[in-house]
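Please read the structure below before turning to the comments.
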Amino acid sequence: MSGFVSAHIPWNTMSSLELRRSYKALHDNLVQPSAMTITNMCRREHALTVDAITKQLLSRNKVGLALDGWTSTNKLAITSVIAPYMDRNWVLHEVQLACDEVEHIYFSPFES
């Protein structure tokens, strides 16, 4: 599943007979989940993550918001929304609220 996500391959590709045959050739006992199974797994994980973040942040009086941006090694521009907060022992924690690829990048002519 992580290979599909990192390569931006649609999950319905898992239904391709050729891809299923190639996986079968790599490992005969490999369990190949369907696109619907992968979708349901991701939805379940998303719901659990949102619940955990909500519980974590609701117990705090003050939470900041920060924006972060970077370029990955494969030249994808990424932006992220982060909620930093301090716990009772003054230890800094961060929760990532959103992360997305930036579609259009405008470079300054003054950048090297």
Side-chain angles (χ1 to χ4, degrees):
M1 186 167 85
S2 63
F4 273 74
V5 172
S6 63
H8 298 286
I9 298 173
W11 291 333
N12 62 359
T13 306
M14 192 52 117
S15 302
S16 161
L17 184 59
E18 291 81 17
L19 182 65
R20 295 181 81 75
R21 283 183 183 157
S22 359
Y23 277 140
K24 191 80 166 163
L26 290 173
H27 195 283
D28 196 36
N29 297 329
L30 184 66
V31 176
Q32 301 172 30
S34 68
M36 185 55 70
T37 301
I38 294 173
T39 300
N40 290 336
M41 287 170 48
C42 286
R43 285 184 179 148
R44 201 169 34 250
E45 285 300 316
H46 177 264
L48 290 172
T49 302
V50 168
D51 288 345
I53 289 172
T54 303
K55 287 176 186 172
Q56 191 175 4
L57 293 181
L58 285 178
S59 64
R60 308 292 173 234
N61 288 331
K62 296 182 181 180
V63 174
L65 287 179
L67 297 176
D68 192 10
W70 65 93
T71 304
S72 66
T73 55
N74 57 349
K75 306 290 188 214
L76 292 176
I78 308 292
T79 186
S80 177
V81 179
I82 300 168
Y85 64 91
M86 300 285 237
D87 66 14
R88 294 173 196 245
N89 298 321
W90 291 93
V91 176
L92 178 64
H93 298 273
E94 293 180 340
V95 175
Q96 185 173 358
L97 301 178
C99 183
D100 201 3
E101 180 181 350
V102 178
E103 294 294 327
H104 303 288
I105 304 172
Y106 299 101
F107 293 100
S108 165
F110 302 107
E111 292 181 25
S112 55

Can you sort out the partners of Thr54 under side chain to side chain donor-acceptor pair (under 3.5 Å), two or more places apart, ordered by chain and number?
->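 Listed in chain order: nothing, the list is empty.
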Gln96: partners by side chain to side chain donor-acceptor pair (under 3.5 Å), with sequence neighbours left out |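 So Gln96 forms a side chain to side chain donor-acceptor pair (under 3.5 Å) with Ser80.
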Which heavy atom of Pro84 sits nearest a heavy atom of Ala66, and at what distance?
-> CD-N, 4.3 Å
Check Cys99 against Ile78 and note the closest heavy-atom contact, atom names and distance.
->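 That would be SG-CG2, 3.4 Å.
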I'd like to check the side-chain contact (heavy atoms from CB on, under 4.5 Å) partners of [X]; sequence neighbours left out, ordered by chain and number.
X	result
Asn29	His27
Leu67	Val81
Thr79	Val102

Are [Y] and [X] co-members of a hydrophobic cluster defined by side-chain heavy atoms under 4.5 Å apart?
X	Y	value
Ile82	Tyr85	no
Met41	Met36	no
Leu65	Val95	yes

Going by the side-chain hydrogen bond (donor to acceptor under 3.5 Å, both in side chains) test, which pairs reach into residues 38-53, not counting sequence neighbours?
->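 The answer is none; no pair qualifies.
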